[in-house]
Protein chains: 2
Amino acid sequence: MAGQKIQRQTGVALWRQIADRIRTSINHGDFDETGMVPPETTLALQFGVNRHTIRSALAALAQEGIVRAVQGRGTLVERKERLSFPISKRTRFSQGIGDQVRETRSVLLASGEEAASMELARQLKIKTGTRLVRLETLGQADHRPVSRATSWFPADRFGDIAEIYRATGSITKAFKELGVPDYVRVVTEITATHADENDLTDLQLSPGAIVLVAQALNADLGNVPVQYSISRFAADRVRFTVEN
Amino acid sequence: MAGQKIQRQTGVALWRQIADRIRTSINHGDFDETGMVPPETTLALQFGVNRHTIRSALAALAQEGIVRAVQGRGTLVERKERLSFPISKRTRFSQGIGDQVRETRSVLLASGEEAASMELARQLKIKTGTRLVRLETLGQADHRPVSRATSWFPADRFGDIAEIYRATGSITKAFKELGVPDYVRVVTEITATHADENDLTDLQLSPGAIVLVAQALNADLGNVPVQYSISRFAADRVRFTVEN
DNA sequence: CTTAAATGTCTATTGATATAGACAACCATA
DNA sequence: TATGGTTGTCTATATCAATAGACATTTAAG
């Protein structure tokens with residue numbers, strides 16, 4: 001672990017800054033040899049804080065299930081997590097990370113119908129007020145939540161997509177049944193922000209965590225927009241890969 | 001401004017969470033009509049906190065130069081910041097955001113020579129230990145720091161790149177002088193993490209801020225890797241756009 | 001000139017954050 | 001079984017973060 005300086009009086013508690021740093025170190029593989037985090041007293045010395053502050057940080061990581069403290073022995077690394085998520089013309093959730101995990105699953109959290117806002121109309125190249133189907137979905141890899149997405153589809157073409165998606169758990173399959181044999185990613189916008197309340201519950205994050213936000217437009221082979229989606233990924237668990 | 005819920009007892013002070021949200025709103029253009037942030041009492045009501053907490057948040061934004069409070073009138077928006085940064089085959093720093101700002105500039109912070117680590121060798125498809133030139137650069141847009149990058153180049157082909165870059169402020173021009181008329185982006189990996197100490201100083205961020213990290217590989221037209229770089233962007237100031 | 005609305009300043013109180021020190025409980029191992 | 005190293009628990013204190021209320025100061029508008 002390099003660069004141990006910690007910022008004080010910035011609105012971010014020391015224990016949280018330290019927890020974030022240790023989590024990053026774990027994901028980076030810094031403790032792979034021993035499988036353990038350094039002793040609390042060592043960390044306290046490294047970060048220049050009191051041992052109790054280190055304990056608060058480790059308690060937060062234990063709450064996330066990333067480490068587990070064992071009295072008398074030390075603090076064990078329980079779980080590392082960062083999946084590589086490719087972004088290309090043929091971006092699909094399950095295919096991209098399929099070879100990195102044993103099982104991928106997509107579940108429908110909610111669905112509904114609404115009128116296109118100005119922003120959505122602009123993206124999907126339709127008129128404001130056009131009816132849209134909205135799907136709220138959760139992507140899982142090996143039973144761990146990875147992404148949370150809201151998607152919009154023109155209701156005239158895809159009015160029944162919620163039903164089919166609920167049955168198949170796949171957007172690709174639902175498109176096929178509705179007469180779209182194939183589709184391509186037109187553009188993806190990527191930003192990062194702090195996790196909001198829904199992220200915390202759906203993605204099982206701890207407050208202060210970071211989410212990568214991908215806003216994507218998919219079109220059919222005739223280049224007609226078929227889906228606009230906003231996906232939120234736990235930044236600790238994924239990495240985006242753009243291949244040109 | 002939507003979704004006003006704020007997290008309590010998370011290690012991140014309320015005033016900082018609120019400052020982040022207001023900054024995002026400003027960048028999103030929510031206050032463009034009036035050019036002013038809502039009154040403190042209104043914000044206090046919206047966020048469900050005391051007016052003094054709002055004042056702390058606005059004081060932080062004023063410190064960043066984003067807003068300016070005027071007694072008797074209100075709090076004015078001074079500056080918006082979020083650049084769209086395209087990622088494609090022809091990704092270059094200055095061209096991508098050139099039409100969004102008046103001036104882009106790139107400065108050399110440091111340079112040196114080193115032996116390729118295993119990871120760098122793998123990326124650049126060379127042998128471990130091969131000599132590499134390392135450049136540390138800072139990208140600016142309208143005199144505001146936007147990105148901080150570390151780049152590696154094979155020393156046999158690009159031994160003098162530091163000199164040329166220092167003179168021209170452009171990687172593209174340096175490549176041209178060294179016999180690489182054009183180059184393409186092979187792959188970009190995108191992650192997000194909390195700002196570290198160097199980010200805070202170089203990018204003028206406040207602790208707890210988020211950085212988007214892009215690890216990129218560029219190759220010449222013969223598909224031979226010429227540059228591997230790790231760039232760190234202030235997440236509040238940029239958005240990545242991937243066009244397929 | 002008056003008034004309403006906005007930011008600026010002050011005091012006081014409570015809870016969260018961080019430090020400090022001491023000691024108990026547990027584990028591995030010599 | 002004795003010891004060193006580790007996590008767990010407790011008390012105490014100081015500072016930061018957040019709330020609450022009162023009032024001053026400035027600006028714009030009637």
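Each chain gets a letter, A, B and so on, in the order its sequence line appears, and its residues count up from 1.
Each of A:Val70 and A:Arg51 was matched to the nucleotide of DNA chain C holding its nearest heavy atom; the match closer to the 5' end belongs to A:Arg51. Ranked by how close their nearest DNA chain D nucleotide is to the 5' end, A:Gly72 and A:Ala69 are led by A:Gly72.
Straight-line distance from the CH2 atom of B:Trp15 to the C1' atom of D:dT19: 17 Å, rounded to whole Å. As rounded to whole Å, 11 Å separates atom C1' of D:dA28 from atom CE of B:Met36. Atom CG in B:Leu76 sits about 10 Å away from atom P in C:dT7, given to the nearest Å. At whole-Å resolution of the value, CG in A:Asn50 and C1' in D:dT11 are 14 Å apart. Atom P of nucleotide D:dC23 and atom CD of B:Gln71 are separated by 18 Å, given to the nearest angstrom. Atom CG in B:Leu43 sits roughly 11 Å away from atom P in C:dA6 (whole-Å rounding). Atom CD in B:Gln17 sits roughly 14 Å away from atom C1' in C:dA16 (whole-Å rounding). We find that CG of A:Leu58 is positioned 13 Å from C1' of D:dG8, with the value rounded to whole Å.
For A:Phe233 and A:Phe240, the gap between ring centers is short of 6.0 Å.
For A:Arg73, counting side-chain heavy atoms from C-beta on, the closest listed nucleotide (C:dA28, D:dT19, C:dA22) is C:dA28. Distances were taken from every side-chain heavy atom of A:Glu40 (C-beta onward) to each of D:dT25, D:dG8, D:dA18; the shortest belongs to D:dG8. The side chain of B:Leu14 sits closest to D:dA18 out of D:dT7, D:dA18, C:dA20. When each of C:dT17, C:dT19, D:dA18 is scored by its nearest atom to the side-chain atoms of A:His52, the top-ranked nucleotide is C:dT19. Residue B:Pro39 places its side chain closer to C:dT7 than to any other of C:dT7, C:dC10, D:dT7.
When heavy atoms are screened at a 4.0 angstrom cut-off, A:Thr41 is found touching no nucleic acid atom at all.
Checked by atom type, the side-chain pair A:Trp152/A:Gln123 shows no donor-acceptor distance below 3.5 Å.
A heavy-atom distance below 4.5 Å is found between the side chains of B:Leu108 and B:Arg166. Proximity of B:Ile210 to B:Asp20: side-chain heavy atoms (C-beta onward) are nowhere separated by under 4.5 Å.
For the pair B:Arg55 and C:dG8, the criterion of a side-chain N or O lying under 4.0 Å from OP1 or OP2 is met. Between B:Thr75 and C:dT7 there is a side-chain N or O to OP1 or OP2 distance below 4.0 Å. Between B:Ser56 and D:dA18, a side-chain N or O to OP1/OP2 separation shorter than 4.0 Å is absent.
Using a 4.0 Å cut-off between charged nitrogen and carboxylate oxygen, A:Glu113 and A:Arg131 count as a salt-bridge pair.
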